[in-house]
Structure formats: C-alpha cells, structure tokens
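Remarks on the structure that follows.
Whatever order the structure lists ligands and atoms in, that order sets their numbers, starting from 1. Remember, it's a predicted structure, so these values are computed and weren't measured experimentally.
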Amino acid sequence: MLTNLQLQQLSESLDGTLLFDDLHKTLYATDASAYRMIPLAVAYPKTNEDIVKLIHFATENKISLTPRTAGTSLAGQTVGNGIIVDVSKHFTKIISFDAIKKTITVQPGVIRDELNLYLKPYGLFFGPNTSTSSRCMIGGMVGNNSSGTTSIRYGVTRDKIMEIKAILSDGSLAIFNELSSNEFIE
Ligand SMILES: Cc1cc2nc3c(=O)[nH]c(=O)nc-3n(C[C@H](O)[C@H](O)[C@H](O)COP(=O)(O)OP(=O)(O)OC[C@H]3O[C@@H](n4cnc5c(N)ncnc54)[C@H](O)[C@@H]3O)c2cc1C
C-alpha cells in the first residue's frame, strides 16, 4: 500500500507535477467511456526523464501507469487504479517538418486539428478525421489506431506512422520503424 509520503517524494523528484488530491483523482477517474476508477495519482511529466522515473516507481511499487492525452476513448482505455500519466500538458510540440518528404515529427500531445492547421499552407493534411479531431491528440490516435469517415480513402492512423520513439517498461528508449532485411538480420 503506497503512502502519501512516497507519492510526495516521487512528486519532488519530477520536473513536472504529480497530484494526488481528491479533486484531481476524481477528475481523472473517468474518460469519455462509462467506466470509473479512482487512480492513485495524476502525473503531468515534463521530460522523458520524468517518464522514466514514473516507470521505475511503478515497477518498484507494482502499480500501473496509464498514459492519457485527451481522454476521449470510449472503452475505458485511460481509466486505471495506478498513476494516470497525462502528456497533453507538456508534450505538445511539433518537432520537425519536411515539406519535400511530407513527413512531420510531433510529440503525443499535439491535437489532430492543430496539426492540420499547421500543415494547411503546404497543401497537406493528416488523414484520419476522427470525430473528436478538435480534441484528440496524436498519442491517443496512435494508441487507438483512430480512424474516421474518410479512412477508406486516406487510411487509418497506423497507415500514416513511419516511426515511433517510445520508452519501454524497463525505462529504455526504443525506436520502432521499418527495417530492411539486412538491418533485421543484423
Ligand atoms: C463522440 C465521440 C466520437 C468518436 N469518434 C471516433 C471516430 O470517429 N473514430 C475513432 O477512431 N475514434 C472515435 N472516438 C474515440 C476517440 O475519440 C479516438 O480514438 C481518439 O483519437 C482518442 O484520442 P485521445 O487523445 O482522446 O486519446 P486517449 O483517450 O487519451 O488515449 C487513447 C489510448 O492511447 C493511449 N495513449 C495516449 N497517449 C499515449 C502515449 N503518449 N504513449 C502510449 N500510449 C498513449 C492511452 O493509454 C489509451 O490507451 C470517438 C469518441 C467520442 C467520445
């Protein structure tokens, strides 16, 4: 059983914030689904190092981490009894854009419609037109493989993802992308 002192110590070790007051735990007990579960705490990590610290804390204390962006999921994906990790506050940057290759690198908290506003002057857009596109974010779209009414023509989220940089459950960094046969063998 975790104590408030342990959560306080975790909070003090982060660049971001960890909240475990009743108001925030209640706010994050639900998403757009019918499910409800009071979490232990809500984290707003600011850096990758914060996320690694949260992962190690969760492993040591045998609790779950539930990533969350806009929380518009319909099946309880962002409801959990461990720590809810809300990346929508600090991971909101468009990191790089290549108009020639038509590729863009974003953090998970970029809102789908804001991404398309950015791309509009270049005559480009990110295809999946999920109904919640004014709120939903790329992290959640990848998590759910979100789609929309035009997906038959423009594809679903997984069709548009070329690479994912992720932090694994042991805290290590992994890059998922397409490998050539030689790279696979090596
Ligand atoms: C009215 C309504 C209409 C909808 N219409 C559609 C629709 O047309 N098409 C459709 O596909 N969906 C639809 N949805 C479902 C939902 O809105 C979409 O799937 C949306 O893209 C989810 O995005 P989000 O930012 O809210 O993600 P969240 O709900 O916050 O998260 C979704 C999943 O991604 C995971 N996740 C989020 N960020 C990360 C991260 N950084 N790292 C790892 N995992 C992460 C979460 O843990 C969760 O499992 C609808 C929902 C509502 C309420």
Side-chain angles (χ1 to χ4, degrees), residues 14-18 24-25 27-37 39-59 63-95 104-118 125-177:
L14 301 177
D15 289 329
T17 320
L18 185 87
H24 283 88
K25 290 200 290 188
L27 285 174
Y28 281 82
T30 54
D31 51 14
S33 73
Y35 296 97
R36 185 172 189 273
M37 193 177 262
L40 275 174
V42 181
Y44 302 93
K46 222 177 207 174
T47 58
N48 284 357
E49 290 70 34
D50 276 356
I51 293 175
V52 172
K53 282 180 193 167
L54 288 164
I55 290 172
H56 289 320
F57 183 86
T59 307
I63 59 165
S64 63
L65 290 183
T66 305
R68 172 172 167 141
T69 42
T72 67
S73 283
L74 291 166
Q77 288 97 314
T78 64
V79 174
N81 61 4
I83 299 178
I84 308 296
V85 183
D86 185 343
V87 296
S88 70
K89 193 169 180 181
H90 298 299
F91 287 81
T92 56
K93 290 193 187 69
I94 291 176
I95 295 170
I104 190 159
T105 303
V106 301
Q107 290 187 320
V110 170
I111 296 172
R112 188 274 191 186
D113 281 0
E114 291 186 3
L115 171 61
N116 278 2
L117 275 178
Y118 178 92
F125 63 96
F126 179 69
N129 66 334
T130 304
S131 306
T132 50
S133 63
S134 66
R135 298 287 179 278
C136 72
M137 300 171 187
I138 300 303
M141 293 189 78
V142 172
N144 283 353
N145 185 27
S146 299
S147 58
T149 50
T150 57
S151 284
I152 290 176
R153 180 156 186 199
Y154 297 119
V156 298
T157 301
R158 70 172 173 229
D159 299 322
K160 305 297 167 192
I161 304 301
M162 301 181 69
E163 183 171 289
I164 290 182
K165 200 182 276 184
I167 303 173
L168 303 181
S169 59
D170 64 356
S172 63
L173 190 73
I175 295 177
F176 297 93
N177 57 16

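- When the options Ile83, Leu65, Leu18 are evaluated for a side chain to side chain contact (heavy atoms under 4.5 Å, CB included) with Phe57, the one that passes is Ile83.
- Considering backbone and side-chain atoms alike, Pro108 places every N or O at 3.5 Å or more from each N or O of ligand 1.
- The contact set between ligand 1 and Ala70, taken as ligand atoms under 4.0 Å from a residue heavy atom, comprises 24 (P), 25 (O), 26 (O), 30 (O).
- Among the candidates Val106, Val110, Thr69, Ile51, the single residue satisfying the side chain to side chain contact (heavy atoms under 4.5 Å, CB included) test with Phe91 is Ile51.
- Between the Asn116 side chain and the Phe126 main chain, a donor and an acceptor come within less than 3.5 Å of each other.
- The protein non-hydrogen atom at the shortest distance from atom 46 (C) of ligand 1 is Pro67 O, 3.1 Å.
- Nearest protein heavy-atom contact of atom 11 (O) of ligand 1 is Ser147 N, 2.9 Å.
- Considering only non-hydrogen atoms, atom 25 (O) of ligand 1 lies nearest to Thr69 out of Ile138, Thr69, Asp31.
- Contacts between Thr78 and ligand 1, counted as non-hydrogen atom pairs separated by less than 4.0 Å, involve the side chain only.
- Nearest protein neighbour of atom 18 (C) of ligand 1, counting heavy atoms only, is Ser146 OG, 3.6 Å.
- The protein non-hydrogen atom at the shortest distance from atom 32 (C) of ligand 1 is Ser73 OG, 3.2 Å.
- Per-residue contacts place Gly143 under 4.0 angstrom from the following atoms of ligand 1 (heavy atoms of the residue considered): 34 (O).
- With contacts defined as side-chain heavy-atom distances shorter than 4.5 Å, the pair Arg112/Thr130 does not qualify.
- With Ser88 contributing its side chain and Ala70 its backbone, the two residues share no donor-acceptor pair below 3.5 Å.
- Counting protein heavy atoms only, atom 51 (C) of ligand 1 is closest to Thr72 O, 3.3 Å.
- In this structure the side chain of Asn129 reaches within 4.5 angstrom of the side chain of Thr149, judged on heavy atoms.
- Considering backbone and side-chain atoms alike, Met137 places an N or O below 3.5 Å from some N or O of ligand 1.
- No more than 12 heavy atoms of other residues, nucleotides or ligands sit less than 6.0 Å from atom OH of Tyr35.
- No side-chain donor-acceptor contact under 3.5 Å links Asn144 to the backbone of Ser146.
- At the shortest separation from atom 49 (O) of ligand 1 among protein heavy atoms lies Gln77 CB, 3.3 Å.
- With hydrogens and angles left out, the side-chain atoms of Asp31 and Ser33 include a donor and acceptor closer than 3.5 Å.
- With hydrogens left out, the protein atom closest to atom 36 (N) of ligand 1 is Gly139 O, 3.8 Å, a heavy atom.
- Proximity of a side-chain donor or acceptor of Asp159 to a complementary backbone N or O of Tyr154 within less than 3.5 Å is not detected.
- Residue contacts with ligand 1: Thr130 is included, with a non-hydrogen atom under 4.0 Å away.
- Contact annotation for Ser131 and ligand 1: heavy atoms of both the backbone and the side chain come within less than 4.0 Å of the ligand.
- Between the side chains of Asp113 and Ser133, at least one donor-acceptor pair of N or O atoms lies under 3.5 Å.
- Of the protein's heavy atoms, Asn144 OD1, 3.4 Å lies nearest to atom 33 (C) of ligand 1.
- For Leu74, every heavy-atom contact with ligand 1 shorter than 4.0 Å involves the side chain, none the backbone.
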